Amino acid sequence: MDTRPLDSFPAFRLRPAGPEDHDLLDPDGRAVGQVRSCSGGGHRARVGRDVGPIRPSLLSAGDDAAMFHIAAHGLPDAPPTPYSGAPEARVAVGLIPLQRQDLIDTTARVFTFYALREPSVAAILDGLETVRRELDAVHSRTGCRRIARLIPRVQVPAQTLLDASTGDARDWLGLPLARLLTLCHQARVRLEATAAQPPAGLSGRYAVRHGADADLATLHRIWQDLRSTSSSGTDFSGIEAAMGALPGDKSAGSARNCRSTSTQLEAVRAAAGEAAATTAPGGQGEADSLLRELSALSAETGERLEATALVLDDTDRLGTVRDINDALGFARLGVLSGSGELSVRMGSTELGPVRPTDDGRWTGPGITDPFHSPEGAAASLIRADRAQAAARRQGRTP
């Protein structure tokens with residue numbers, strides 16, 4: 001029998017179940033809900049005790065049904081897809097705090113003047129604000145893990161409120177909470193996958209200065225959260241001194257700035273490690289999590305600034321960072337192989353690989369004077385290939 005995948009949840013499908021009704025099938029082909037036609041026109045979802053609003057299209061009602069199912073049972077078992085980069089991650093995570101006004105409006109209908117006195121509602125709103133503040137943390141692997149750790153501050157009270165709702169309250173709250181829970185489920189697994197398999201923009205050098213600024217801002221938020229925890233007996237004075245020495249701006253404006261900031265970040269990492277050593281072994285409290293995040297992000301940002309400094313060293317020969325980025329945009333760089341080589345492909349043609357020299361520089365086919373960075377060596381190969389192609393075209397011109 002013919003089935004139709006949903007637009008927003010293609011793993012779920014709709015299967016005709018009568019003249020006008022449809023079953024919602026999960027990825028295993030099991031019927032987990034229905035979309036029914038309404039006598040006055042339109043369609044509405046029904047999953048268990050949850051009923052959605054009347055929708056003009058079958059697929060939009062199917063999306064409602066899928067969210068009801070995900071809110072109750074979680075996402076289907078499937079390998080999560082990492083985000084393609086910080087912009088996509090930021091948009092996806094940003095959908096979570098955007099549910100705030102809908103939640104306020106809906107809970108006001110249910111609890112009239114007492115919505116903010118409901119513990120679950122207040123906890124959800126606090127969690128939404130926490131996630132909103134962390135949107136720029138998507139520029140780092142550690143930041144992605146941090147947001148994934150904080151999302152349950154929304155997810156847990158939302159699930160509690162949904163499970164406790166019955167009757168008219170369930171009718172009002174069912175879909176807004178199901179949508180919120182679905183967004184939380186999706187963002188958490190994809191953020192964790194992105195941290196485990198980072199795209200090019202979340203590893204190696206910073207292609208734009210904003211990335212370094214965002215990571216340092218995240219570092220300062222972690223430190224502020226750590227200072228606000230009541231962790232008696234733990235001395236944070238070393239961290240405070242190291243954080244105070246970080247630059248307020250110009251952290252990645254030049255190779256010298258990058259290396260200076262990296263050195264200071266190493267001091268933050270060391271201080272966080274020393275503070276963590278004084279806490280209980282295997283600690284899982286908030287302060288322990290924050291210390292781990294502070295240490296990890298300091299190390300990650302410092303490493304990326306060092307890589308950025310090498311690219312900036314190559315601007316003496318290759319022009320500006322934008323010039324290097326423009327050249328790299330014409331090719332596809334691979335990932336470092338086990339031997340330390342990096343593929344550089346234009347279309348089906350391999351221009352590289354570029355590889356490290358014994359003294360830590362980078363070279364490749366036809367490069368006689370190695371570059372400081374792999375990106376510099378790759379950009380040089382790309383420019384040479386494009387110049388040769390332009391010369392060949394000019395030679396064929398009558």
Side-chain angles (χ1 to χ4, degrees), residues 1-39 41-84 88-89 91-99 102-103 106 124 131 147-148 151-152 154-156 158-163 165 170-194 196-197:
M1 187 176 293
D2 291 339
T3 61
R4 294 178 64 182
L6 298 178
D7 291 334
S8 301
F9 306 95
F12 291 87
R13 305 181 73 85
L14 291 175
R15 179 183 65 190
E20 296 180 336
D21 296 341
H22 291 74
D23 287 330
L24 176 72
L25 305 182
D26 69 7
D28 295 326
R30 295 173 297 193
V32 295
Q34 280 194 323
V35 175
R36 297 181 177 178
S37 297
C38 303
S39 58
H43 309 266
R44 76 189 323 169
R46 179 180 293 274
V47 178
R49 54 179 170 160
D50 290 311
V51 178
I54 297 175
R55 301 292 194 187
S57 74
L58 174 66
L59 291 180
S60 59
D63 288 341
D64 292 345
M67 288 189 287
F68 282 136
H69 176 76
I70 292 170
H73 303 285
L75 295 171
D77 290 332
T81 304
Y83 291 118
S84 61
E88 183 189 11
V91 169
V93 176
L95 292 175
I96 296 174
L98 281 179
Q99 306 310 305
D102 192 20
L103 179 71
T106 305
I124 294 169
V131 172
I147 300 173
I151 283 176
V154 176
Q155 193 172 347
V156 171
Q159 192 71 62
T160 299
L161 182 59
L162 180 62
D163 293 343
S165 299
R170 182 86 179 198
D171 292 341
W172 279 110
L173 293 170
L175 186 59
L177 289 175
R179 182 183 299 110
L180 179 60
L181 287 165
T182 297
L183 293 171
C184 288
H185 280 297
Q186 290 176 320
R188 280 189 72 188
V189 298
R190 294 196 66 186
L191 285 167
E192 289 165 353
T194 303
Q197 305 172 47

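Sequential numbering from 1 along the given sequence is applied to the chain's residues. The structure displayed is predicted, hence computed values, not measured ones.
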Close side-chain approach of Gln159 and Leu162, heavy atoms under 4.5 Å: yes
Distance-minimising heavy-atom pair for Ser165 and Arg170: O-CD, 3.3 Å
Point-to-point distance, once rounded to the nearest 0.5 Å, from CZ of Arg4 to CG of Leu25: 13.0 Å
Minimum heavy-atom distance between Ile96 and Ala187, given as atom pair plus value: CD1-CB, 3.9 Å
Inter-residue atom distance Thr194.OG1 - Ile147.CD1, 0.5 Å rounding: 10.0 Å
Main-chain N/O of Thr81 paired with Arg190 side-chain donor or acceptor, under 3.5 Å: yes
Heavy-atom neighbours of Asp28 CG exceed 12 at 6.0 Å: yes
Interatomic spacing from CG in Leu58 to CG in Asp21 - rounded to 0.5 Å: 10.0 Å
Selection residues 64-75 - residue pairs positive for side-chain hydrogen bond (donor to acceptor under 3.5 Å, both in side chains), sequence neighbours left out: Arg55-Asp64
Distance (rounded to the nearest 0.5 Å) between Arg13 CZ and Thr3 OG1: 3.5 Å
Sub-4.5 Å side-chain heavy-atom contact between Leu24 and Val35: no
Shortest non-hydrogen contact from Leu6 toward Ala66: CD1-CB, 3.8 Å
Closest approach of Val47 to Gly33 (non-hydrogen atoms, all atoms of both residues): CG2-CA, 3.9 Å
Main-chain N/O of Asp63 paired to Ser8 side chain as donor or acceptor, under 3.5 Å: no
What pairs of donor and acceptor atoms, side-chain ones from residues 173-185 against any protein atom, are under 3.5 angstrom apart with sequence neighbours left out?
from   : atom 1 : to     : atom 2 : distance (Å)
Arg179 : NH1    : Asp102 : OD2    : 3.4
Thr182 : OG1    : Ala178 : O      : 2.8
His185 : ND1    : Gln155 : NE2    : 3.3

Smallest separation among heavy atoms of Ser60 and Ser57, with atom names: OG-OG, 2.7 Å
Ile70 side chain near Phe12 side chain, heavy-atom distance below 4.5 Å: yes
Atom of Trp172, atom of Thr106 and distance for their closest heavy-atom approach: O-CG2, 3.2 Å
More than 12 heavy atoms from other groups under 6.0 Å of CZ on Arg44: yes
Between NE2 on residue His43 and CZ on residue Arg36, distance to nearest 0.5 Å: 14.0 Å
